[in-house]
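Here is the structure we will look at.
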There are 2 protein chains.
Amino acid sequence: MADSSTQVRPGGRSAKVRAAVHRAVAELLAEEEAETLTLPAVAARAGVHPTTLYRRWGSTAQLLTDVATSRFSDDLVVPDSGSLAGDLERWLADVATDVADPDTLALMRATIATGPAGGCACVEDRHRQLGAILRHEVERGGTAPEVESAADSLLGPVYYRAVFTSEPASADWARGLVATYLSTLPQSSADPRPTDTR
Amino acid sequence: MADSSTQVRPGGRSAKVRAAVHRAVAELLAEEEAETLTLPAVAARAGVHPTTLYRRWGSTAQLLTDVATSRFSDDLVVPDSGSLAGDLERWLADVATDVADPDTLALMRATIATGPAGGCACVEDRHRQLGAILRHEVERGGTAPEVESAADSLLGPVYYRAVFTSEPASADWARGLVATYLSTLPQSSADPRPTDTR
DNA sequence: AAATTATCGCACTGATCGTTGCGTTAGTGG
DNA sequence: CCACTAACGCAACGATCAGTGCGATAATTT
């Protein structure tokens, strides 16, 4: 979010402030204070002056998208188990357990409300990871569906359950989603249950 | 939201105020003022005194859930075309075109942010309609899957695309979802007309 | 090491929000 | 038609938010 026209200065202090503010946002959202998430409140929790937040982020919407993009871009490495089914099962199970966390869910809900770009910020990196998994399968010599198709059938149910319903999205259920999805593909019948590596 | 211990009075004036407030909320959300959706702003737009909103609804969260439940509970009658595939295709196409409306989407986003119950308020009636469609098939003598399974595979992709991605959810695409979903069911071969495919 | 400047803290101000007490309007039932 | 009372409008009041000018701090460059 730093302005690129001027010289950026990611030194120790700015980084510390940014980290403290991000942590404060996550804490306040975790305490179901979604309605009262205001810049002075975040500043007080982070031990920073409110003016800093008004200058660096300007509004809660921009602050939330910043927090969401940095939260949903790290961790969750792409697996490489040797088969498409194994990769997808492991990856989607990780995604399901991630969005099952109430704190993560609160951040997602608040980010979605910031506008059409908010939802994209939550799943942008997931699509990138899914594309990498499918590309791995093609490089192995196999065939893989389009990212959009896989996202519809895999990420769709997981995020739908997390956001719209009160039913839990367990890891086993996510693995079942992968199995049924692969069964609909025309020629993915290489191996029905090749879970583990080598 | 009315207190049940006292005598409720749904006379002309209260209904008018409620309708004006609901319309004001929809208008403000349509103008991408999601961040500044405050009770005084809604009151000014509705031509009502802010005190009325503070007394009847109390907070923007409760007002939003009220608007969302009344918005997502009417219209959209359950079709009865004679076959499960036909019913689901028609219904899901209607759902897709409904959530494709930017104003409807803005209301959904704002409602989701109010808490875990917000998302449920958006799709509660959809699950009821889906249950009715599946029950119709059973009464016809056929077999139907569980509501949860159908919601995962049908509502999941539709709402996921609407909220999290920037891709359009067209009616034809929704009908394709129904076709692929029914093909995964174990004994859907009893259906004489699996897909209509224009 | 010294100069430069991005970044932050502080004090202050106008605007708006959330709430309460009280009087008025208008549905509801006798 | 009349009493009753739920619901609304009005006017105030703290409290908090959003924003601005200025000086201090610290990261970066020379």
Side-chain angles (χ1 to χ4, degrees), chain A residues 1-25 27-29 31-67 70 110 113-115, chain B residues 1-25 27-29 31-67 70 110 113-115:
Chain A
M1 285 305 145
D3 194 354
S4 58
S5 67
T6 62
Q7 184 175 4
V8 78
R9 182 180 291 192
R13 191 158 82 154
S14 294
K16 269 182 76 76
V17 168
R18 189 179 135 104
V21 168
H22 280 214
R23 192 169 350 108
V25 169
E27 287 180 14
L28 288 178
L29 285 177
E31 295 168 3
E32 52 191 333
E33 313 281 349
E35 196 70 19
T36 66
L37 186 75
T38 176
L39 292 191
V42 175
R45 174 63 65 104
V48 183
H49 206 270
T51 316
T52 301
L53 301 187
Y54 283 110
R55 287 203 230 272
R56 280 190 64 162
W57 288 280
S59 68
T60 61
Q62 299 182 19
L63 174 58
L64 272 174
T65 55
D66 185 30
V67 173
S70 78
T114 62
Chain B
M1 296 304 152
D3 195 352
S4 60
S5 67
T6 62
Q7 183 177 5
V8 78
R9 183 179 290 193
R13 190 156 84 153
S14 294
K16 271 180 75 78
V17 167
R18 189 179 136 102
V21 169
H22 279 215
R23 194 170 346 110
V25 170
E27 288 179 13
L28 289 178
L29 285 177
E31 297 168 2
E32 49 191 338
E33 312 282 350
E35 195 70 21
T36 65
L37 186 75
T38 178
L39 291 191
V42 175
R45 175 63 64 103
V48 183
H49 205 268
T51 316
T52 301
L53 301 187
Y54 283 110
R55 286 204 229 270
R56 279 190 64 162
W57 287 280
S59 69
T60 60
Q62 299 182 19
L63 174 58
L64 272 174
T65 54
D66 184 30
V67 173
S70 76
T114 63

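Naming: A, B, ... by sequence-line order, numbering from 1 per chain.
With sequence neighbours excluded, the residues satisfying side chain to side chain contact (heavy atoms under 4.5 Å, CB included) with A:Ala34 are A:Leu29. Not a single side chain to side chain donor-acceptor pair (under 3.5 Å) links A:Ser59 to another residue, sequence neighbours left out. Applying the side chain to side chain donor-acceptor pair (under 3.5 Å) criterion to B:Arg45, with sequence neighbours excluded, gives B:Glu27, B:Glu31. For B:Thr52, the side chain to side chain donor-acceptor pair (under 3.5 Å) test picks out no residue, with sequence neighbours left out.
The CH2-C1' distance, from B:Trp57 to C:dT19, rounds to 17 Å in whole Å. Put simply, NZ on A:Lys16 is 14 Å from C1' on D:dA26, counting in whole angstrom units. Here D:dA18 presents its C1' atom at 13 Å from CD of B:Glu35, a figure rounded to the nearest Å. The nearest whole Å value for the distance from the CZ atom in B:Arg55 to the C1' atom in C:dT25 is 14 Å. B:Leu53 has its CG atom 14 Å from the P atom of D:dC10, to the nearest Å.
If you take CD on A:Gln62 and CG on A:Leu39, they are separated by 10.0 Å, rounding to the nearest 0.5 Å. Rounding to the nearest 0.5 Å places CG of A:Leu28 at 7.0 Å from OG1 of A:Thr36.
When all heavy atoms of B:Arg56 and B:Ser14 are compared, the closest pair comes out as NH1-O, 3.4 Å.
Between D:dC8 and B:Arg56, a contact under 4.0 Å exists linking OP1 or OP2 to a side-chain N or O. A sub-4.0 Å separation between OP1 or OP2 of C:dG27 and a side-chain N or O of B:Ser14 is absent.
Rounded to 10 degrees, the angle separating the terminal helix axes of the helix from C:dA1-D:dT30 to C:dG30-D:dC1, each built from five base pairs, is 50°.
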### Message
Walk along nucleotides 11-18 of chain C from 5' to 3' and tag each nucleotide B, S or - by protein heavy-atom contact under 4.0 Å, base first, then sugar-phosphate.
### Response
B-----SB
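Residues A:Asp66 and A:Val21 form no side-chain contact, since every pair of their non-hydrogen atoms from C-beta on lies 4.5 Å or further apart.
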